[in-house]
Protein chains: 2
Amino acid sequence: MTGETMKTRDKILLTSLELFNERGERNITTNHIAAHLAISPGNLYYHFRNKSDIIYEIFQEYEKLVDYYLDIPEDRAINLEDLTFYLESVFDGLWSYRFFHRDLEYLLDSDPRLRQDYRGFTNRCLAAIDRIFGKLADGGIIAPQLDELRSAMSLNVWLVITNWMAFLKTAHAADESASLTLTELKQGIYQVLTLELPYLTPEYRERVMALREKYRPSFPDTSESSGCRESAAREVG
Amino acid sequence: MTGETMKTRDKILLTSLELFNERGERNITTNHIAAHLAISPGNLYYHFRNKSDIIYEIFQEYEKLVDYYLDIPEDRAINLEDLTFYLESVFDGLWSYRFFHRDLEYLLDSDPRLRQDYRGFTNRCLAAIDRIFGKLADGGIIAPQLDELRSAMSLNVWLVITNWMAFLKTAHAADESASLTLTELKQGIYQVLTLELPYLTPEYRERVMALREKYRPSFPDTSESSGCRESAAREVG
DNA sequence: GACTGCCTAGAGTATATACTCTAATAATAC
DNA sequence: GTATTATTAGAGTATATACTCTAGGCAGTC
């Protein structure tokens with residue numbers, strides 16, 4: 001990925017993202033990034049004024065990606081395949097830029113541009129979720145609801161999505177804390193679909209239940225005894 | 001609060017909590033804490049081996065508080081007053097120790113004891129939420145559900161509760177980011193009750209709707225235009 | 001008054017972190 | 001080829017951070 005043909009600037013962005021995702025932004029210094037790329041700190045600072053600028057550009061990629069996937073068609077209702085696509089895409093994005101939500105508050109505190117943009121990003125995501133609910137109702141998949149309830153539901157979906165990874169990481173035992181996989185992350189879809197279950201129309205109920213089943217966690221999430229968890233969800237990558 | 005009669009050790013814990021809550025653990029050094037108390041760093045380190053130990057003890061207080069409030073009675077069903085009490089208490093706890101969830105992942109990565117304990121804490125909270133759902137069903141407030149759905153619902157409640165504050169802080173504009181209030185935080189109860197709405201029995205539906213209404217945010221959360229938000233939710237403290 | 005145990009001050013340190021500066025090299029334009 | 005610009009190396013720096021070390025005060029006790 002960080003091959004020879006790539007421009008240094010892009011290599012910096014890519015490597016930063018990798019390292020941030022793996023070890024957390026707080027644990028990765030600009031010197032680490034430079035060392036990992038075998039370039040000098042001076043070189044890094046030739047391309048970026050500071051660490052915040054690197055993070056800001058990575059965020060813009062993230063934003064662009066999610067905006068691209070959450071472009072809800074205006075002219076037609078959406079079906080279950082669309083819904084699956086939206087959910088998969090959002091969790092893919094979350095995975096690719098997973099460092100971001102981990103230190104979100106600190107990052108927003110240190111960069112006003114980021115705070116401003118992230119706020120807009122959140123509002124666009126919430127609006128998209130809201131539209132998805134609307135379109136699902138248009139398609140007869142869920143029963144239509146009052147605007148106010150739909151807004152609150154959308155916000156809950158957003159809260160579940162953005163907190164699911166943190167939950168996974170904190171629920172892991174120490175020795176597996178680094179071994180989070182995309183598959184596990186996508187079990188968040190199970191949680192999101194749980195939110196929608198009571199609103200499903202009878203015609204679609206079974207189909208959504210079946211879809212949800214595909215994402216069911218392989219270990220007992222909410223069990224009080226944690227003994228079973230050790231044997232589950234081994235890392236694949 | 002940090003009066004003359006208090007022991008230095010306790011003053012350190014109290015001041016640390018205050019500073020962490022106000023400015024984030026990442027931004028507060030042991031030197032800051034000592035300076036704020038007008039004691040020497042040496043003194044601080046006489047009482048605590050390191051920063052992690054301070055945080056760990058604060059967490060134990062937090063844990064104890066929440067465990068105390070989430071002691072669900074085994075012998076009887078619970079009513080709406082109980083439910084309100086649980087929700088209020090949990091959000092009170094979240095408020096008092098609000099620094100904790102902000103840097104959770106980093107904190108767990110730096111202290112294995114904390115990771116271990118927090119994992120147990122999460123499981124106890126999830127179990128308590130699960131029991132509350134059970135007792136609400138016993139009391140005829142919500143319809144009983146299959147274990148598996150109830151578990152997933154409990155987890156969603158937990159995700160909403162623990163992510164609500166982060167959402168508020170990131171949704172705020174820069175100039176109000178410090179002005180989060182307990183009142184705003186408790187609007188999370190509105191979101192939690194939203195999760196329960198579809199499961200309410202007809203007899204209790206109106207009453208819970210009324211309860212939920214009390215916590216309704218005074219600004220349009222999910223609106224795309226953010227223009228209205230500036231005028232709302234001024235700080236009181 | 002000296003001994004003891006608890007507490008405190010404050011200077012000091014090793015390491016890290018974000019970032020700078022200068023000089024040199026590679027690429028490109030003319 | 002030479003002038004110009006873009007890129008890079010690498011040593012260096014100011015500041016911060018978590019933490020240490022030594023010396024001493026103060027309260028109680030015999």
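These numbers were taken from a predicted model, which means no experiment stands behind them.
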Would you please confirm or rule out a distance under 4.0 Å between OP1 or OP2 of D:dT8 and any side-chain N or O of A:His47? yes
Phosphate contact (D:dT8 OP1 or OP2) by A:Thr8 side-chain N/O below 4.0 Å: yes
With a 4.0 Å limit, can you tell me whether A:Asn43 has a side-chain N or O closer than that to the phosphate oxygens OP1/OP2 of D:dA9? yes
Name the closest nucleotide to the A:Ile39 side chain, picking from D:dA9, C:dT8, D:dT7. D:dA9
Whichever of A:Gly42 and A:Glu25 has its nearest DNA chain C nucleotide further upstream toward 5': A:Glu25
Under 4.0 Å, heavy atoms only, any strand: does B:Leu44 hit a base, just the sugar-phosphate, or nothing? nothing
If I take atom CG in residue B:Leu37 and atom P in nucleotide C:dA9, what distance separates them, rounded to the nearest angstrom? 10 Å
Filter on ring pair (Phe, Tyr, Trp, His ring centres under 6.0 Å), then keep only pairs touching residues 13-37 of chain B, sequence neighbours left out; what's left? B:Phe20-B:Phe99
Round to a whole Å and report the spacing from OH of B:Tyr46 to P of C:dC6. 6 Å
Short side-chain N/O contact from B:Ser40 to OP1 or OP2 of C:dA9, under 4.0 Å: yes
For C:dC19, does either OP1 or OP2 sit under 4.0 Å from a side-chain N or O belonging to A:Tyr45? yes
Does the side chain of B:Ile189 come within less than 4.5 Å of B:Arg212's, by heavy atoms? no
What is the distance from NZ of A:Lys11 to P of D:dT8, rounded to the nearest Å? 8 Å
Should the pair A:Tyr118 and A:Phe59 be assigned to parallel (<30°), tilted (30 to 60°) or perpendicular (>60°) ring geometry? tilted
So that I know where these two stand, are B:Tyr215 and B:Tyr190 an aromatic pair - ring centroids less than 6.0 Å apart? no
Under 4.0 angstrom, heavy atoms only, what part of the nucleic acid is A:Ala38 near: base, sugar-phosphate, or nothing? sugar-phosphate
Using the six-membered ring of A:Phe133, assess whether NZ or CZ of A:Arg150 lies under 6.0 Å from its centre and within 45 degrees of the ring axis. no
Return the polar atom pairs (N/O with N/O) between nucleotides 12-17 of chain C and the protein under 3.5 Å, or none.
none

Partner residues of A:Glu57 under the side chain to side chain donor-acceptor pair (under 3.5 Å) criterion, sequence neighbours left out: A:Arg9
State whether A:Lys51 and A:Glu25 are salt-bridged, where the test is any N-O pair (Lys NZ or Arg NE/NH1/NH2 against Asp/Glu carboxylate O) under 4.0 Å. yes
